[in-house]
Amino acid sequence: MDEVLKNLPKQAKDKHKENKKLFAKLKKKPPKHLDLLMQELHDDEFEKTDCLTCANCCKTTGPLFTNKDVERISKFFKMKPQAFIDAYLRVDEENDYVLQQVPCTFLGADNMCSIYDVRPKACAKFPHTDRRKFQQIAHLTLKNVAICPAAYNIVEEMKKRLP
């Protein structure tokens with residue numbers, strides 16, 4: 001996995017222009033079966049991908065925390081929401097709650113998440129490759145293929161399957 005992660009940013013950069021062009025095309029006129037295809041590709045990839053061998057998303061980026069996430073996680077810690085915010089979060093330039101630091105505070109040395117059952121929605125849905133109306137998150141997918149080997153593989157397979 002170390003070798004894959006080492007090569008991933010360059011591979012993603014090499015495909016960036018091609019991917020950006022495809023996503024622009026998908027945004028204008030998405031195929032009717034795109035959601036079904038993405039669900040199938042996502043499911044196939046995650047049958048063979050074990051996120052615990054990687055956890056690169058948790059090591060290199062932080063999720064957005066919605067107010068519902070803050071409520072749920074602070075309750076898990078038996079903290080008041082503001083105390084949780086003060087201890088773990090900051091407000092970014094887009095006025096969203098994000099982690100104060102990466103790697104994620106809740107990531108263990110074994111790549112396990114200590115708040116897995118109550119993790120933020122952004123973590124639970126990552127890498128968002130099975131999302132409905134996938135074409136609407138092209139900007140996010142372009143970033144994720146440089147972080148997540150599974151997202152990279154899914155996009156590469158998608159390109160083979162689309163006309």
Side-chain angles (χ1 to χ4, degrees), residues 1 4-5 7-73 76 81 85 89-99 102-104 106-107 111 113 115-163:
M1 182 54 71
V4 169
L5 291 176
N7 296 327
L8 189 61
K10 183 185 180 331
Q11 288 178 305
K13 188 177 180 197
D14 291 347
K15 301 278 185 172
H16 183 80
K17 196 181 275 186
E18 177 185 317
N19 289 345
K20 194 172 179 176
K21 188 177 173 183
L22 173 67
F23 288 140
K25 186 177 156 188
L26 289 178
K27 205 168 194 173
K28 282 182 186 163
K29 193 170 187 325
K32 289 189 186 347
H33 72 290
L34 183 61
D35 286 345
L36 284 172
L37 173 65
M38 294 312 298
Q39 184 68 58
E40 179 187 331
L41 295 175
H42 177 91
D43 291 347
D44 289 350
E45 182 62 32
F46 282 99
E47 279 182 24
K48 56 189 176 208
T49 297
D50 178 6
C51 292
L52 294 177
T53 64
C54 180
N56 199 43
C57 52
C58 307
K59 293 172 185 171
T60 62
T61 60
L64 298 180
F65 285 73
T66 65
N67 289 331
K68 282 185 177 183
D69 294 331
V70 170
E71 296 276 333
R72 186 177 60 257
I73 299 166
F76 174 80
I85 291 167
L89 306 179
R90 67 177 173 84
V91 177
D92 72 3
E93 53 282 344
E94 293 169 8
N95 224 21
D96 292 315
Y97 286 123
V98 295
L99 290 169
V102 290
C104 180
F106 308 112
L107 180 67
N111 287 345
C113 175
I115 61 167
Y116 188 80
D117 291 337
V118 294
R119 69 195 183 280
K121 182 180 178 185
C123 297
K125 299 292 184 186
F126 191 85
H128 311 285
T129 47
D130 61 344
R131 184 183 141 163
R132 292 178 53 82
K133 298 189 180 179
F134 172 79
Q135 72 278 4
Q136 294 178 346
I137 58 162
H139 63 288
L140 185 59
T141 304
L142 285 170
K143 289 179 186 175
N144 290 346
V145 295
I147 297 164
C148 175
Y152 179 88
N153 293 341
I154 290 166
V155 170
E156 289 306 301
E157 188 60 32
M158 174 192 74
K159 290 189 297 192
K160 293 176 190 170
R161 301 250 204 119
L162 288 176

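The chain is numbered in sequence order, starting from 1.
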Checking the side chain of [X] only, and the main-chain atoms of [Y] only, is there a donor and an acceptor separated by less than 3.5 Å?
{"X": "D130", "Y": "H42", "value": "no"}
{"X": "N19", "Y": "L142", "value": "no"}
{"X": "N111", "Y": "L52", "value": "yes"}
{"X": "D35", "Y": "K133", "value": "yes"}

Distance check, rounded to the nearest 0.5 Å: [X] atom [atom1] versus [Y] atom [atom2]?
{"X": "L41", "Y": "D44", "atom1": "CG", "atom2": "CG", "result": "6.5 Å"}
{"X": "L162", "Y": "K25", "atom1": "CG", "atom2": "NZ", "result": "8.0 Å"}
{"X": "Q135", "Y": "T141", "atom1": "CD", "atom2": "OG1", "result": "10.5 Å"}
{"X": "C123", "Y": "F65", "atom1": "SG", "atom2": "CZ", "result": "6.0 Å"}
{"X": "I154", "Y": "T129", "atom1": "CD1", "atom2": "OG1", "result": "3.5 Å"}
{"X": "F23", "Y": "H16", "atom1": "CZ", "atom2": "NE2", "result": "10.0 Å"}

(request) Could you tell me whether E157 and R161 make a salt bridge, using a distance below 4.0 angstrom between a side-chain N and a carboxylate O? (result) yes
(message) Does K59, at its NZ atom, have more than 12 non-hydrogen atoms belonging to other residues, nucleotides or ligands within less than 6.0 Å?
(response) yes
Are any of the side-chain heavy atoms of [X] and [Y] separated by less than 4.5 Å?
{"X": "I147", "Y": "T61", "answer": "yes"}
{"X": "V70", "Y": "I85", "answer": "yes"}
{"X": "C51", "Y": "F46", "answer": "yes"}
{"X": "F134", "Y": "M158", "answer": "yes"}
{"X": "C54", "Y": "P149", "answer": "yes"}
{"X": "Y97", "Y": "V91", "answer": "yes"}
{"X": "P63", "Y": "R119", "answer": "no"}
{"X": "P120", "Y": "I73", "answer": "yes"}

Show the nearest heavy-atom pair for residues [X] and [Y], with the distance to one decimal.
{"X": "N144", "Y": "P127", "answer": "ND2-O, 3.4 Å"}
{"X": "C58", "Y": "L107", "answer": "CB-CD2, 3.7 Å"}
{"X": "L34", "Y": "P30", "answer": "CD2-CB, 4.2 Å"}

(request) Test side chain to side chain contact (heavy atoms under 4.5 Å, CB included) on K15 and V145 and set out the steps. (result) CA-CA 10 Å; K15 301 278 185 172; V145 295; over 6 Å; no
(request) Taking side-chain hydrogen bond (donor to acceptor under 3.5 Å, both in side chains) as the test, write out the residues that go with E18, two or more places apart. (result) K159
(request) Assess whether side chain to side chain contact (heavy atoms under 4.5 Å, CB included) is satisfied between I137 and K143, documenting all intermediate values. (result) CA-CA 10 Å; I137 58 162; K143 289 179 186 175; over 6 Å; no
(message) Between L89 and L99, is the side chain to side chain contact (heavy atoms under 4.5 Å, CB included) condition met? List the steps.
(response) CA-CA 5 Å; L89 306 179; L99 290 169; 4.2 Å; yes
(request) Run the numbers on R132 and Q39 for side chain to side chain contact (heavy atoms under 4.5 Å, CB included), then give the verdict. (result) CA-CA 8 Å; R132 292 178 53 82; Q39 184 68 58; over 6 Å; no
(request) Test D14 against every option in K17, K10, Q11 by the side chain to side chain donor-acceptor pair (under 3.5 Å) rule and name the one that passes. (result) K10
(message) Working note: D69 + T66, criterion side-chain hydrogen bond (donor to acceptor under 3.5 Å, both in side chains); need CA distance, chi angles, decisive distance, verdict.
(response) CA-CA 5 Å; D69 294 331; T66 65; 3.1 Å; yes
(message) Does either side chain, that of N67 or that of E71, offer a donor lying less than 3.5 Å from an acceptor on the other one?
(response) no
